Student: 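Got a structure for you, questions after.
Every chain is numbered from 1 and lettered A, B, ... according to where its sequence line falls, protein lines coming before strand lines. These numbers were taken from a predicted model, which means no experiment stands behind them.
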Amino acid sequence: MVDEGSSLLAEAESWRNESVITIVGQVRERPGDTANSKLPTGDIEVYIDEAIVQSAAEIIPFQVSEDDGAGEDIRLRYRYLDLRREKMHKKIRLRNNITASLRRRMIEQNFQEFQTPILTASSPEGARDYLVPSRLHPGKFYALPQAPQQFKQMLMMSGFDKYFQIAPCFRDEDGRADRLAEFYQLDVEMSFVTQEEIFGTIQPVIEGMFEEFSEFTGTKRKIEWMPHLRYEDAMLKYGSDKPDLRNTLEIVDVSDVFSRDDVEFKAFKGVIANGGVVRAIRAPKVSDQPRSFFDKLNSWAQSEGAPGLGYIAFADGAGKGPIAKFVPEAAQAQLKEVAGLEDGDAIFFICDQKSKAEKMAGAARDAICNALPEGHEAAREQNTYKFCWVVDFPMYEFNETTQKIDFSHNPFSMPQGGMDDLENKDPLDIYAFQYDCVCNGFELASGAIRNHSPEIMAKAFGLAGYGEEILEKEFGGMLNAMRYGAPPHGGCAFGLDRMIMLIADEPNLREVYAFVMNGQYEDQLMSAPSDITEEQLKDLHIKLDLPKEIKTEAA
RNA sequence: GCGGGCGUAGUUCAGUUGGUUUAGAACGCCGCCCUGUCACGGCGGAGGUCGCGGGUUCAAGUCCCGUCGCUCGCGCCA
């Protein structure tokens with residue numbers, strides 16, 4: 001507030017938005033009817049005696065005080081301005097509070113917090129490593145940790161029986177909305193525990209934290225833990241190892257129905273004859289949907305590379321739709337039986353080789369749910385976090401590319417049945433004490449009971465085609481540690497950023513970091529990655545051998 | 001590496017079937033005016049390589065091809 005005619009008036013009017021001004025003056029009540037109850041500070045004003053412009057802002061590239069919908073590109077380039085916005089402040093504060101809450105809850109359960117090396121060696125996760133050249137050891141490289149996996153296991157062997165860390169992790173694979181090159185995990189490990197004891201320990205931490213911040217968006221959200229899902233059941237019923245259980249549609253196998261002699265649908269029969277399967281999704285009470293409902297789903301399936309999305313709709317006791325005429329009444333009756341169909345329902349079909357069919361059925365399950373009109377009985381449940389542990393992952397899988405047996409997850413996991421199973425079972429029938437925690441279609445955590453026996457470890461790696469020499473060379477450090485007394489142990493790691501993203505109800509991880517790179521893993525604010533000087537390369541004894549079309553500006 | 005979407009003023013967007021001399025709007029910016037305003041108001045103004053390159057056409061922001069950038073997804077990755 002400045003008096004009319006004051007020399008300060010003209011100056012005050014020249015201040016641009018986002019300039020930094022120090023004002024000396026008196027805070028006083030607004031006189032008469034000038035008070036404004038709609039403003040938080042509407043009852044008072046500052047009478048300015050003196051004003052100092054500490055930093056006059058140039059014209060800003062986008063508006064800070066209002067959300068003008070500026071694109072992500074420009075927001076990231078001027079992140080320091082973007083971060084001034086109230087919405088960003090709230091999210092960054094949320095991040096702080098969530099981190100503090102998790103740390104407090106872990107410490108209350110007598111876990112100890114650790115830091116582990118950032119410049120380290122490759123760990124057993126399957127992703128590409130970020131590498132850092134060593135100056136002191138020409139030609140050799142450090143790897144940034146994909147996770148502190150081996151360190152936390154060795155801490156177990158050192159007798160620190162309850163470990164946790166808010167751990168930075170690095171993986172050099174292409175990004176997604178929920179995947180970045182660098183991210184943080186609430187990393188946890190305990191010794192002398194069973195899988196269920198780990199769930200029992202970490203679940204209250206995660207649930208308590210979600211509960212604590214469940215009203216962040218302004219709408220209270222429920223938290224619900226669903227019964228454990230076996231991996232195989234998850235793949236069959238939901239077509240995903242990270243199903244969104246807010247979607248209640250389920251997949252069933254109907255291969256038998258389409259194998260019947262009286263069913264003449266050649267498109268499916270041919271695939272079945274080649275070892276394929278038919279999976280089906282019951283969509284309740286949709287037979288009254290317009291034709292476009294089914295047509296849109298069909299073109300969606302085609303856009304996913306499938307021939308289409310066949311269906312039969314049941315109304316007035318009869319099956320309708322393009323496929324129905326190939327499926328005689330007796331076969332339709334079997335379908336109804338298998339899928340639990342009632343009059344008014346429709347059933348959608350996916351036919352392919354098993355793993356493709358599973359995946360496509362999983363995608364279709366979501367597409368059908370998304371297509372349902374608002375308020376439909378099977379529409380995705382709102383304002384709920386549906387958690388679930390997915391358990392009993394297979395220890396090995398058959399790699400179609402290499403035609404070899406491979407670890408399907410973390411190779412340090414303990415095979416269920418131990419040495420006995422490794423020696424006596426078909427490797428593809430062995431399960432691991434390996435589990436994921438999923439929530440609303442996101443994989444929030446992954447974990448395992450670890451293999452703490454060098455003998456079982458050698459056998460387990462042997463089945464995947466890794467000889468003792470390789471094992472020794474790659475993981476000798478930890479293997480040695482096991483030879484001097486290793487307690488049974490296990491743990492898990494929760495993706496911190498994904499949890500923040502869920503609680504903040506944001507569509508991607510970039511929204512919950514103060515500073516973050518874009519989808520191409522470039523930091524436009526700091527100009528990373530960047531060229532380096534010849535001197536730096538020389539120091540590292542590195543010569544570049546770049547693809548032809550890419551030019552570097554390295555001096 | 002592959003596929004979908006997007007790309008027009010500083011920002012967010014509109015732009016019809018290819019056709020109105022000079023491509024519009026809002027916010028922002030600049031100037032003047034007003035002054036108890038507070039999403040102030042009024043008048044005026046500047047600001048565009050329609051991502052880039054090529055093509056079709058009498059005529060291209062609009063159609064076609066290529067390319068670049070961003071984004072979502074697939075592959076990859078837990």
Side-chain angles (χ1 to χ4, degrees), chain A residues 1-6 9-10 12-14 16-18 30-47 57-78 81-82 123-129 146-147 149 169-181 183 185 231 240-242 299-300 302-306 356 359-360 363 366-367 390 393 397 399-401 407-411 413 432 434-438 442-448 492-495 498 507-508 510 517-522 524 547 549:
Chain A
M1 163 63 205
V2 180
D3 274 335
E4 196 181 335
S6 160
L9 185 58
E13 282 183 335
S14 74
R16 274 206 203 99
N17 278 341
E18 299 305 312
R30 288 190 180 193
D33 57 357
T34 64
N36 185 346
S37 60
K38 287 176 193 160
L39 295 174
T41 59
D43 291 332
I44 56 164
E45 63 187 18
V46 180
Y47 185 85
E58 291 182 9
I59 297 165
I60 49 182
F62 53 82
Q63 292 314 107
V64 170
S65 56
E66 57 194 273
D67 185 359
D68 63 356
E72 193 172 56
D73 217 12
I74 194 166
R75 286 176 54 211
L76 289 180
R77 197 151 54 239
Y78 298 92
L81 287 181
D82 185 40
S123 68
E125 279 80 12
R128 278 186 206 92
D129 287 316
Q146 295 184 27
Q149 185 63 35
C169 305
F170 307 86
R171 290 173 194 176
D172 185 7
E173 298 291 349
D174 290 5
R176 291 285 186 277
D178 65 344
R179 229 165 67 189
L180 283 171
F183 57 99
Q185 292 190 329
Y231 171 82
S240 168
D241 60 357
K242 48 183 167 82
S299 29
W300 164 84
Q302 287 171 341
S303 75
E304 294 286 311
K356 278 189 180 169
K359 201 159 186 193
M360 185 62 199
D366 273 324
V390 178
F393 278 79
E397 66 192 6
N399 186 326
E400 296 287 348
T401 323
F407 287 112
S408 73
H409 285 76
N410 187 331
S413 298
Q434 165 86 39
Y435 38 83
D436 283 358
C437 180
V438 304
F442 292 95
E443 180 198 308
L444 281 194
S446 195
C492 58
F494 275 79
R498 283 185 185 167
N508 68 62
R510 294 181 295 275
M517 42 197 195
N518 67 13
Q520 262 55 246
Y521 290 176
E522 292 166 316
Q524 303 272 18
E549 64 274 19

Student: Does R510(A) have a side-chain nitrogen or oxygen under 4.0 Å from the phosphate oxygens OP1 or OP2 of C72(B)?
Tutor: yes

Student: Measuring only the P atom in each nucleotide, how far is C50(B) from C32(B)? A whole number of Å is fine.
Tutor: 33 Å

Student: Sticking with atom P, work out how far G15(B) lies from U20(B), rounded to a whole angstrom.
Tutor: 16 Å

Student: On the side chain of R171(A), is there an atom forming a donor-acceptor pair with the base of C76(B) - under 3.5 Å, no angle test?
Tutor: no

Student: Between N36(A) and C38(B), is there a contact of a side-chain N or O with OP1 or OP2 at under 4.0 Å?
Tutor: no

Student: OP1 or OP2 of C76(B) sitting under 4.0 Å from any side-chain N/O of R179(A)?
Tutor: no

Student: Just call it for E72(A): base, sugar-phosphate, or nothing, with non-hydrogen atoms closer than 4.0 Å on any strand.
Tutor: sugar-phosphate

Student: Considering every strand and a 4.0 Å limit on heavy-atom distances, what is the contact class for Q63(A): base, sugar-phosphate, or nothing?
Tutor: sugar-phosphate

Student: Expressed as a whole number of Å, how far does the C1' atom of G66(B) sit from that of A25(B)?
Tutor: 33 Å

Student: Please determine, for the side chain of I74(A), which listed nucleotide (G75(B), U11(B), C77(B)) has the closest atom?
Tutor: U11(B)

Student: With RNA chain B as reference, determine whether F62(A) or E173(A) sits nearer its 5' end, using the nearest nucleotide of each.
Tutor: F62(A)

Student: Would you say C74(B) has OP1 or OP2 under 4.0 Å from some side-chain N or O of R176(A)?
Tutor: yes

Student: Establish whether the base of G69(B) is bridged to the side chain of D73(A) by a donor-acceptor pair shorter than 3.5 Å.
Tutor: no

Student: Measure the shortest side-chain to side-chain distance between R16(A) and I60(A) over non-hydrogen atoms and say whether it is less than 4.5 angstrom.
Tutor: no

Student: With rounding to whole Å, what would you report as the distance between G41(B) and G47(B) at their C1' atoms?
Tutor: 24 Å

Student: Please classify the nucleic acid contact of I59(A) as base, sugar-phosphate, or nothing, using heavy-atom distances under 4.0 Å.
Tutor: sugar-phosphate

Student: Using the P atom on both, measure A14(B) against C68(B) and round to a whole Å.
Tutor: 26 Å

Student: Taking side-chain contact (heavy atoms from CB on, under 4.5 Å) as the definition, give me every residue that meets it alongside Q302(A), ordered by chain and number, with sequence neighbours left out.
Tutor: N298(A), S299(A)

Student: Please give the stem ranges for RNA chain B, sorted by first residue number, where a stem is three or more consecutive Watson-Crick or G-U pairs and both donor-acceptor distances are under 3.5 Å.
Tutor: B:1-7 with B:68-74, B:10-13 with B:24-27, B:29-33 with B:41-45, B:51-55 with B:63-67

Student: Hey, which sits more toward the 5' end of RNA chain B by its nearest nucleotide, E13(A) or M517(A)?
Tutor: E13(A)

Student: When you compare the side chain of V390(A) with that of K242(A), does any pair of heavy atoms fall below 4.5 Å?
Tutor: no

Student: What does G305(A) touch in the nucleic acid at a heavy-atom separation under 4.0 angstrom: a base, only the sugar-phosphate, or nothing?
Tutor: nothing

Student: I'd like the P distance from C6(B) over to G51(B), given in whole Å.
Tutor: 13 Å

Student: Apply side-chain contact (heavy atoms from CB on, under 4.5 Å) to P61(A) and list each qualifying residue two or more places apart in sequence or on a separate chain.
Tutor: I74(A), Y78(A), L81(A)

Student: Does a side-chain N-to-carboxylate-O contact under 4.0 Å join R128(A) and D172(A)?
Tutor: no

Student: Residues in side-chain contact (heavy atoms from CB on, under 4.5 Å) with A177(A), at least two apart?
Tutor: N508(A)

Student: Between K359(A) and G75(B), is there a side-chain N or O to OP1/OP2 distance below 4.0 Å?
Tutor: yes

Student: So what does R16(A) touch, heavy atoms closer than 4.0 Å: a base, only the sugar-phosphate, or nothing?
Tutor: sugar-phosphate

Student: Enumerate the residue pairs fulfilling salt bridge (charged side-chain N to carboxylate O under 4.0 Å, His left out) with a member in residues 34-46 of chain A, sequence neighbours excluded, ordered by first and then second residue.
Tutor: R28(A)-E45(A)

Student: Could you measure between the two P atoms, the one in U22(B) and the one in A59(B), and give it in whole Å?
Tutor: 16 Å

Student: Can you check the distance between G48(B) and G24(B), where both ends of the measurement are the P atom (answer in whole Å)?
Tutor: 13 Å

Student: State whether Q520(A) places a side-chain N or O below 4.0 Å from either non-bridging phosphate oxygen (OP1 or OP2) of G69(B).
Tutor: no

Student: Using the test side-chain contact (heavy atoms from CB on, under 4.5 Å), find all partners of A12(A) that sit at least two apart in sequence or belong to another chain.
Tutor: W15(A)

